[in-house]
There are 2 protein chains.
Amino acid sequence: MGNVEEGPDSRVRMWSPVCRAVALLLGPYAEVVLHDPETDRVLEIWNPMTSRGPGDPSLLGELDELDPSAQDVYGPYEKLLADGRRLSSVSAVLRDARGEPSAVLCINLDRTPLEQAAAVLSAFGAPTVQGPEPLFEQDWSERIQHVIGTYVRETGRPIERMTRQDRLAVLGRLDEARVFAVRRATPVVAGALRVSRSTVYGLLTELRAPSAKDRQP
Amino acid sequence: MGNVEEGPDSRVRMWSPVCRAVALLLGPYAEVVLHDPETDRVLEIWNPMTSRGPGDPSLLGELDELDPSAQDVYGPYEKLLADGRRLSSVSAVLRDARGEPSAVLCINLDRTPLEQAAAVLSAFGAPTVQGPEPLFEQDWSERIQHVIGTYVRETGRPIERMTRQDRLAVLGRLDEARVFAVRRATPVVAGALRVSRSTVYGLLTELRAPSAKDRQP
DNA sequence: CCATATTTGGACAGTACATCCAGGCTAGAC
DNA sequence: GTCTAGCCTGGATGTACTGTCCAAATATGG
């Protein structure tokens, strides 16, 4: 973490915790830059996506001329890197205790991975991530339904035409999914399989103790 | 307390551009909170994901006692909301010009949409970007340890020095994480908290029935 | 030091879990 | 059709777990 011998700029000292926090949160997908609006140069940079470093020119442009209702925050707007990566960027004017602008913070988020994922998803007709899609449910009863539903879809056999082997297979999956570790799960599974609790318990013990059976060759 | 002129807290004035920038960039998926470490209350909040507001208690605890090598930035660590959303969180201690801690910034990023997308993609055999991240926790005892560990790290208070309020907070989180829906969880939690089973049940009932509490002396 | 708040271990009642069994049902063999 | 064998069922039963209560022990705070 060595800094230059001259000691860090007081502005860097003040704002770096925020910058490092954002850089940590967004991992390798975000670049955080602290600019000096006076000299129009980079003060410090975290997770650099290009080869810029402290002291390089900022190429910031005139933020002063932007909409004053934004109250020192600009964006998000889009940038395009030379290699084709798309960035979402925001900027904020940081002021000292006297209210004078002392630095400009820029956060550049690489949207490319997200957009690729979104493209794959929409190609398969998956819903765009807007409303919460309960793909994997926190609720264990939904998980039960999900496991059983998957099995029915795989075998094309509805619940009421299931054979003993089917029930064993489904219960095996449910057991692997640790469904029976939650309270009151067994009666729910029995109901979902249209079977009595006794049957479920019987099949489960048979499933969990295959040792005594194949012991005799 | 505040030695400020009228209007918003000077700290809010100073840090709000950063906060608003992050909140804008990350859209509805990130919550940005500014805490007052003195009073342990929320100073301001952007994109709130729960119903917290300015003036509410932070439940932050003392960050001072944490590992000094972290240099005022903590995390990312994981939080779990009641509805199952998983958050990645970072915290940063913000210091004034004299180097004194003046505020604590927390950014909470909702990872759920990303994880859902990742689940869909991996179901179609698409290459997963990152390594073996436990998508859903199978071992609930790990989850208990994780929730407690997170709290300890957040507050810098080891289990044996916890106050009643700490225990209440931890049990609240565990309850939100639906930990007590699994069999045998309560004794395990009691053991992990170095507390008797009775205490856990007592605190839990107190936690779950704040409605008809202080009506009668 | 006392007063109050909190935790504790243990006893207890109430559930839920798991097993067992006798009888009923179904399917296939004869 | 009848028989047999295997499976399922409902209920009875014993065990394990859950949650509550309370007096005593202990911590907390003035």
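Hydrogens, waters and symmetry mates are skipped; everything else that's a heavy atom, side chains included, is used. Residue numbers begin at 1 in each chain, while the letters A, B, ... track the order of the sequences.
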Rounded to whole Å, please give me the gap between CG in A/Leu168 and C1' in D/dC7.
12 Å
Shortest side-chain distance from A/Leu203, nucleotide among D/dG19, D/dT9, D/dC8:
D/dC8
So CZ of B/Arg208 and CG of B/Leu171: to nearest 0.5 Å the spacing works out to 9.0 Å
Given C/dT7, is OP1 or OP2 found less than 4.0 Å from the side-chain N or O atoms of B/Arg167?
yes
Kindly indicate whether the side chain of A/Ser198 and the base of D/dG10 share any N or O donor-acceptor pair separated by less than 3.5 Å?
yes
Any side-chain N or O of B/Tyr201 below 4.0 angstrom from OP1/OP2 of D/dG19?
yes
Quick one: B/Phe180 CZ to D/dT20 C1', roughly how many Å, whole number?
16 Å
The residue, B/Arg194 or A/Thr186, whose nearest nucleotide of DNA chain C is more 5′ is B/Arg194
For the backbone of A/Val195 and the side chain of A/Thr199, can you confirm whether one donor and one acceptor N or O come within less than 3.5 Å of each other?
no
Working to the nearest 0.5 angstrom, can you tell me the gap between B/Asp166 CG and B/Arg157 CZ?
4.0 Å
Report the distance from atom CG of B/Leu193 to atom P of C/dT8, rounded to the nearest whole Å.
10 Å
Round to a whole Å and report the spacing from CG of A/Asp166 to P of D/dC8.
11 Å
When rounded to the nearest 0.5 angstrom, what distance separates SG in A/Cys19 from CG in A/Leu43?
10.0 Å
Pick the closest DNA chain D nucleotide for A/Arg183 and for A/Arg197 by heavy atoms, then say which residue is nearer the 5' end.
A/Arg197
Atom-to-atom span, CG of A/Leu204 to C1' of D/dC7 - whole angstrom
16 Å
If I take atom CZ in residue A/Arg184 and atom C1' in nucleotide D/dC17, what distance separates them, rounded to the nearest angstrom?
12 Å
Value in whole Å for how far the P atom of D/dG19 lies from CG of B/Leu171
13 Å
Would one find a side-chain N or O of A/Thr199 under 4.0 angstrom from OP1 or OP2 of D/dC8?
no
Once you round to the nearest 0.5 Å, how far does OG of A/Ser89 lie from CG of A/Asn108?
3.5 Å
Identify which nucleotide among C/dT6, D/dT9, D/dC7 has an atom closest to any side-chain atom of A/Arg164, counting heavy atoms from C-beta outward.
D/dC7
